[in-house]
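One structure below.
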Amino acid sequence: MGERETKDAISSAYNAFSHWSKLTAAERSTRLRKWYDLLIEHKEELGQLITLEQGKPLKEAITEVVSAAGHVEFFAEEAKRVYGDILPSPLPDRRLFVLKQPVGVVGAITPWNFPLGMIARKVAPALACGCTVVIKPSELTPLSALAAAELALQSGIPPGVLNVVMGDAPNIGNSILESPQVRKITFTGSTAVGKKLMAGAAETVKKVSPELGGNAPFIIFDDADLEAALKASLATKFRNSGQTCICTNRLLVQEGIYDKFINAFSSAVQSLKVVNGLSEDVAQGPLINEAAVQKVESLVQHAISQGAKVVVGGKRHNLGFTFYEPTIISDVKNEMLIAREEIFGPVTPVIRFKTEEEAIQIANDTESGLAAYLFTNNIQRSWRVCEALEYGIVGVNDGMFASPGAPFGGFKQSGLGRESSKYGLDEYLEIKCVCLGNMG
Ligand code: NAP
């Protein structure tokens, strides 16, 4: 699909808006709730589809479906809580009100790493507010989007409310950007493409919510519970073969426990089973495509050329295709490319640090600010470090905490605005101030 189909989809969303936005919140809520039911009813098939088109282990894929459905359920409930305000009036014969109204047609551009999850996070709040949507999923994972849209139709969400276009990304993206009928762009993907979309949205002054790349530090202090830190660091690094925006990108380990932790981490990483995502006991599937493997290879080679050392892995897996060995690289410096770029693969660069101040300085020395993790049993330190980290999401002694009710988004060049949670609704609403005169 290209320009013509995108324009058709925008017209279809624009026409559907007048009806959908005028339904009561309770009517929209009922249909979203039915969509939730259907997603859960089909979680096994949807999970298989995600694994087949994206490659992640089936268990992770089913977790993604349940989480996506959880967002739909959450926003079905929030649809009924879009409250306005009555403000104190500056004059005795005036009254001031604040109305919240849907922004209109939303263009949603999503990545391949969570083919269903990223769609649900955007479409559910948009529909709850009364907006209609044109989705452009990644060309690498279009099938989950189509399946979700079919289930939305079955749940009574009328044709035109949810539209899917796929194909030539710049062509579709430009058609969405140029259209004055599209009032908002929500995007999850790389920082480079996000910046292009932000610039393009300026021409028609659209609202923009970019959710962009990360460079997550995972900090382990000498006083941490090492077993808990080990479990969480494995999960945050190797989930989805390292291809998530909140995956650990740099492991910062304090010198007092460095050797002990790296030994334990190495044996755990060596035992991760790499195999296709539908197999039993799979811990890690393939990477998304050849370009992703080549990026990982070049970052690892560059780090080695700068003095880093391979502790585990460090090369393509003997299964071939796009499988890469779970890898640990030590003696990494924060100036190296591998610590500055988003790796998006199963490679853990390890950086040794001495003091708390040094850990904070290294952690914040990046343009990104999405997720960060810290492990310590010292409560004062946990607050100090948490407050000093320039990140939108901080896990303190915890590595996995995404929830529909928790705001998700980053500081600095990791994006603007928040998804999920009550704050996520505001991204799809306009505020109208109404002044009533001659009141008394
Ligand atoms: P990407 O290359 O930026 O692609 C994201 C989406 O944008 C895809 O649908 C892509 O289409 C589309 N696209 C590419 N060029 C475009 C253009 N010129 N105009 C309009 N659309 C365009 O990112 P990705 O490689 O798919 O995803 C990985 C990135 O997403 C990582 O940086 C990761 O950190 C980030 N991410 C962020 C979050 C978050 O919440 N902050 C969550 C998940 C992922 P095609 O794929 O069809 O080319």
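All ligand and atom numbering here is 1-based and tracks the order in the structure.
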Numbered atoms and elements of ligand 1 in range of [X], under 4.0 angstrom, heavy atoms:
{"X": "V193", "result": "3 (O), 13 (N), 14 (C), 15 (N), 16 (C), 22 (C)"}
{"X": "N113", "result": "43 (C), 44 (C)"}
{"X": "F344", "result": "28 (C), 31 (C), 33 (C), 34 (O)"}
{"X": "F408", "result": "39 (C), 40 (O)"}
{"X": "E139", "result": "45 (P), 46 (O), 47 (O)"}
{"X": "G213", "result": "32 (O), 34 (O)"}
{"X": "G173", "result": "20 (C)"}
{"X": "T188", "result": "5 (C), 36 (N), 37 (C), 38 (C), 39 (C), 40 (O), 42 (C), 43 (C), 44 (C)"}

Taking all atoms of both residues into account, what is the closest heavy-atom pair of G213 and T191, and its distance?
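Nearest heavy atoms, G213 then T191: N-OG1, 3.2 Å.
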Taking every heavy atom of T366 against every heavy atom of K412, the minimum-distance pair comes out as O-NZ, 2.8 Å
Worksheet entry | F353 and F221 aromatic ring geometry - parallel, tilted or perpendicular at 30°/60° bounds | perpendicular
Protein heavy atom at shortest distance from [atom]:
{"atom": "atom 9 (O) of ligand 1", "answer": "T110 O, 2.7 Å"}
{"atom": "atom 19 (N) of ligand 1", "answer": "A169 O, 3.6 Å"}
{"atom": "atom 17 (C) of ligand 1", "answer": "P170 CA, 3.9 Å"}
{"atom": "atom 11 (O) of ligand 1", "answer": "K136 NZ, 3.0 Å"}
{"atom": "atom 24 (P) of ligand 1", "answer": "W112 NE1, 3.4 Å"}
{"atom": "atom 35 (C) of ligand 1", "answer": "G189 O, 3.2 Å"}
{"atom": "atom 34 (O) of ligand 1", "answer": "E342 OE2, 2.4 Å"}
{"atom": "atom 36 (N) of ligand 1", "answer": "C245 CB, 3.6 Å"}

Min heavy-atom dist P137 to ligand 1 below 4.0 Å
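Contact check P137 vs ligand 1: positive.
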Q) Is the closest heavy-atom distance from I109 to ligand 1 below 4.0 Å? A)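 A heavy atom of I109 does come that close to ligand 1.
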Note: L212, heavy atoms under 4.0 Å from ligand 1, region reported as backbone
For ligand 1, indicate whether the residue F114 contacts it via side chain, backbone, both or neither (heavy-atom separation under 4.0 Å).
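Looking at F114 and ligand 1, no heavy atom falls under 4.0 Å.
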When rounded to the nearest 0.5 angstrom, what is the spacing between [atom1] in [X] and [atom2] in [Y]?
{"X": "I362", "Y": "K333", "atom1": "CD1", "atom2": "NZ", "answer": "9.0 Å"}
{"X": "T204", "Y": "L177", "atom1": "OG1", "atom2": "CG", "answer": "7.0 Å"}
{"X": "L39", "Y": "E45", "atom1": "CG", "atom2": "CD", "answer": "11.0 Å"}
{"X": "S155", "Y": "E150", "atom1": "OG", "atom2": "CD", "answer": "10.0 Å"}
{"X": "W35", "Y": "E73", "atom1": "CH2", "atom2": "CD", "answer": "13.5 Å"}
{"X": "E297", "Y": "T327", "atom1": "CD", "atom2": "OG1", "answer": "10.5 Å"}

Problem set entry | Close aromatic pair by centroid cut-off 6.0 Å: W20 and Y14 |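 Judged by ring-centre distance (under 6.0 Å), W20 and Y14 do not meet the cut-off.
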[options]: member with heavy atom nearest to [atom]:
{"atom": "atom 46 (O) of ligand 1", "options": "G107, S138, P115", "result": "S138"}
{"atom": "atom 27 (O) of ligand 1", "options": "A292, P111, A108", "result": "P111"}
{"atom": "atom 1 (P) of ligand 1", "options": "A371, S175, S190, G415", "result": "S190"}

Quiz item: Salt bridge check: are E64 and K56 linked by an N-O gap of less than 4.0 Å?
Solution: yes
- Message: Strictly below 4.0 Å, N to O, side chains only: are R381 and E356 in salt-bridge contact?
- Response: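 Judged by the 4.0 Å cut-off on N to carboxylate O distance, R381 and E356 do form a salt bridge.
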Do [X] and [Y] meet the criterion of a side-chain donor-acceptor pair at a distance under 3.5 Å?
{"X": "Q48", "Y": "E44", "result": "no"}
{"X": "R250", "Y": "N334", "result": "yes"}
{"X": "K195", "Y": "Q413", "result": "yes"}

* Asked: Is any heavy atom of the protein nearer than 4.0 Å to atom 3 (O) of ligand 1?
  ->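 Answer yes: something from the protein, a heavy atom, is under 4.0 Å.
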Check whether any N or O atom of E419, backbone or side chain, sits under 3.5 Å from an N or O atom of ligand 1, and answer yes or no.
no
Check whether any N or O atom of T244, backbone or side chain, sits under 3.5 Å from an N or O atom of ligand 1, and answer yes or no.
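So ligand 1 has no N or O lying under 3.5 Å from an N or O of T244.
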